[in-house]
Amino acid sequence: MRGAFKSNLDPALTRRVKKPRGIRRDRHCHACRARNIKCDLNRPRCRSCAQDRRTCTYPRRVVWMEEKSSSPSSSPSPSSVLPATQLPTPSKETQTSNESQSHTPIGLYGFVDLLANCYYRIRASQRGFPTEAIDLIARTLEFARSRINGAKQQQPTSSTLTSIQLNVAVLMGLSQLVGSAHPLALFGIATFAIFEVCSGSFGRWHCHLHGARSLLDLHCRNRADFETLSRRITGLADVLSYLVWFDATGALMRGGSLIFDDWHRETLQKSFFDSVGCPPETFDLFVHLAKYCDRDRRAALDAVDLTWRAMDQILQSQSTDCMTDRGRAAVVYRYTGAIVAFTRAGCNQGTTPTTNTISTTMLSSRVVSSMVDKVCESVTQMDVNSQFYIHMATPVYLAGMNATTEAQCFVFRTYWRNCQLGDFPRYPDGQAQCERRWRHNRVIV
């Protein structure tokens, strides 16, 4: 009887009712969770927050105390930064891992890691560095971290009393160290230089470089002297790499003279070029063009030589693997080098206008426009979260100055907008400079 009654029941009624599953939101950013909308989980800012210009923060994951990361989320908040005299000493395991790292990734966060590693190594070396020099490195590190965290929170650090006091303290310490001509002051100068590159007028990076060159000349006049000094001061060679890179690219864009000499640029290692995605031979072309940026010296450029250099860059780009972001970055740099060399060659022909020269000019414009299209294609295909994407600013600027269509302008506008939407906004007037050129050339109305 009991079995018959059980068999007559509807199986659907005897099935265990499960709790309906909802949308998992524990990984969503705080803004999307508060608004009860789906988050695309894009880092550092999701699409919804980027479109609405909202602060985008994610729930903090569990991080072991020994874990070392150069990502933005690993940087301490301004309130958690310890005073210069209380910065923690890394364990022996951390020091060993730092020493085994062949090269710190190039960029703002990589430079902060470089600064931290330098501080720990100098403090532990006991090589007789003055206390004020070590204290300057510590406070410069604190200043850099505070500035980055202030930008992440979309709160101008200069508007807070603590940040102003920290900035003044670093400047006073740097001024004192520069007055004593100590080489460790180069770390402070380079810190202000890299923030000037990120947040200042695009391409106008020579202000801090002149001071760095003058200070460096007091200690080393050639590469042998510099290598001796680098063995004494950890990270000095990496600091010089940043400075000479800013020097060459800035001089090419603003049209000024180079500040550092050839032997300074010879200290650039292959690992640096690999990090920014620029082929070494393309950088050599940039340096060659930067040496003749002044109007008085441009006449010394050989049009035929520049044309062959441009062709060499184009041919090498044809054999580059364009399926990776590294390959796309190399293509962007190579075609940009060809664009600049080709346009300089056209300006140095020095012939009187005739029917043939006018038709040649129209043909040259089409060739340059085709090369700009190649740059746009590679920039569009590159992942915005790639380590190479942010380093495309120089070629994007140089190629953007030669844009001739609205479609090309759209690609470059998108790039500058993505730079502004990052965790640390960069290049505030890069687009504005390009827009002025486009209006002047009547590309846009």
Side-chain angles (χ1 to χ4, degrees), residues 43-44 60-61 63-78 80-82 84 86-125 133-152 157 166 170 184-199 230 233-246 267-277 385-391 422-424 426:
R43 306 285 180 121
R60 183 173 178 82
R61 63 182 180 89
V63 180
W64 296 107
M65 294 299 294
E66 292 81 5
E67 180 180 349
K68 180 180 182 296
S69 173
S70 59
S71 62
S73 61
S74 64
S75 300
S77 61
S80 65
V81 177
L82 298 176
Q86 300 180 14
L87 286 175
T89 304
S91 61
K92 293 182 179 180
E93 291 80 3
T94 305
Q95 292 180 1
T96 303
S97 62
N98 290 341
E99 292 174 2
S100 62
Q101 187 176 4
S102 60
H103 191 82
T104 305
I106 305 302
L108 181 60
Y109 296 104
F111 184 84
V112 174
D113 287 345
L114 169 66
L115 200 63
N117 185 43
C118 171
Y119 168 72
Y120 295 135
R121 295 286 295 277
I122 288 177
R123 196 178 68 171
S125 63
I134 301 177
D135 183 69
L136 173 66
I137 300 297
R139 294 204 174 275
T140 303
L141 175 61
E142 183 184 0
F143 161 76
R145 287 173 171 171
S146 176
R147 180 102 180 248
I148 291 174
N149 280 277
K152 286 172 55 181
T157 56
L166 181 58
V170 174
L184 281 181
L186 287 168
F187 287 87
I189 296 176
T191 301
F192 282 96
I194 195 170
F195 280 109
E196 180 68 21
V197 168
C198 293
S199 306
S230 298
I233 302 178
T234 302
L236 188 61
D238 293 322
V239 168
L240 182 59
S241 298
Y242 281 89
L243 296 177
V244 298
W245 174 263
F246 296 154
T267 60
L268 278 173
Q269 301 295 322
K270 183 179 181 299
S271 55
F272 186 95
F273 293 114
D274 290 341
S275 294
V276 299
N385 296 317
S386 169
Q387 71 175 83
F388 307 105
Y389 190 84
I390 200 66
H391 297 302
D423 51 341
F424 187 91
R426 293 169 172 87

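- Of all the heavy atoms in Ala116 and Arg145, the pair that sits closest is CB-NH2, 3.9 Å.
- We find the CG-OG distance between Leu108 and Ser199 to be 8.5 Å, quoted to the nearest 0.5 Å.
- With sequence neighbours excluded, no residue forms a side-chain hydrogen bond (donor to acceptor under 3.5 Å, both in side chains) with Asn385.
- In plain terms, the two heavy atoms of His391 and Ile106 that are nearest each other are NE2-O, 3.2 Å.
- Between the side chain of Tyr242 and the backbone N or O of Gly107, at least one donor-acceptor pair lies under 3.5 Å.
- Distance check, rounded to the nearest 0.5 Å: CG of Leu236 to CG of Leu186 gives 6.0 Å.
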query: What do the steps show when you test Phe195 against Phe111 for ring-ring contact (aromatic ring centres under 6.0 Å, His included), and what is the final call?
result: CA-CA 11 Å; Phe195 280 109; Phe111 184 84; 8.2 Å; no
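- Here the CG atom belonging to Asp274 is positioned 7.5 Å from the CZ atom belonging to Phe388, to the nearest 0.5 angstrom.
- Between Leu114 and Val239, the closest side-chain pair of non-hydrogen atoms falls below 4.5 Å.
- Of all non-hydrogen atoms in Ala185 and Leu136, the two that sit nearest each other are CA-CD2, 4.5 Å.
- Between the SG atom of Cys118 and the CG atom of Leu141 there is a distance of 10.0 Å, given to the nearest 0.5 Å.
- In this structure, CG in Leu243 is found 9.5 Å from CD1 in Ile194, a value given to the nearest 0.5 Å.
- Listed by chain and number, the residues in a side-chain contact (heavy atoms from CB on, under 4.5 Å) with Ile390 are Cys419, Arg426, Tyr427 (sequence neighbours excluded).
- Between the CD1 atom of Ile148 and the CG atom of Asp423 there is a distance of 8.5 Å, given to the nearest 0.5 Å.
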field: Chi angles and distances behind the side-chain contact (heavy atoms from CB on, under 4.5 Å) call for Phe187, Thr140
entry: CA-CA 8 Å; Phe187 287 87; Thr140 303; over 6 Å; no
message: Apply side-chain contact (heavy atoms from CB on, under 4.5 Å) to residues Leu115 and Thr191 and explain how you reach the verdict.
response: CA-CA 9 Å; Leu115 200 63; Thr191 301; 3.9 Å; yes
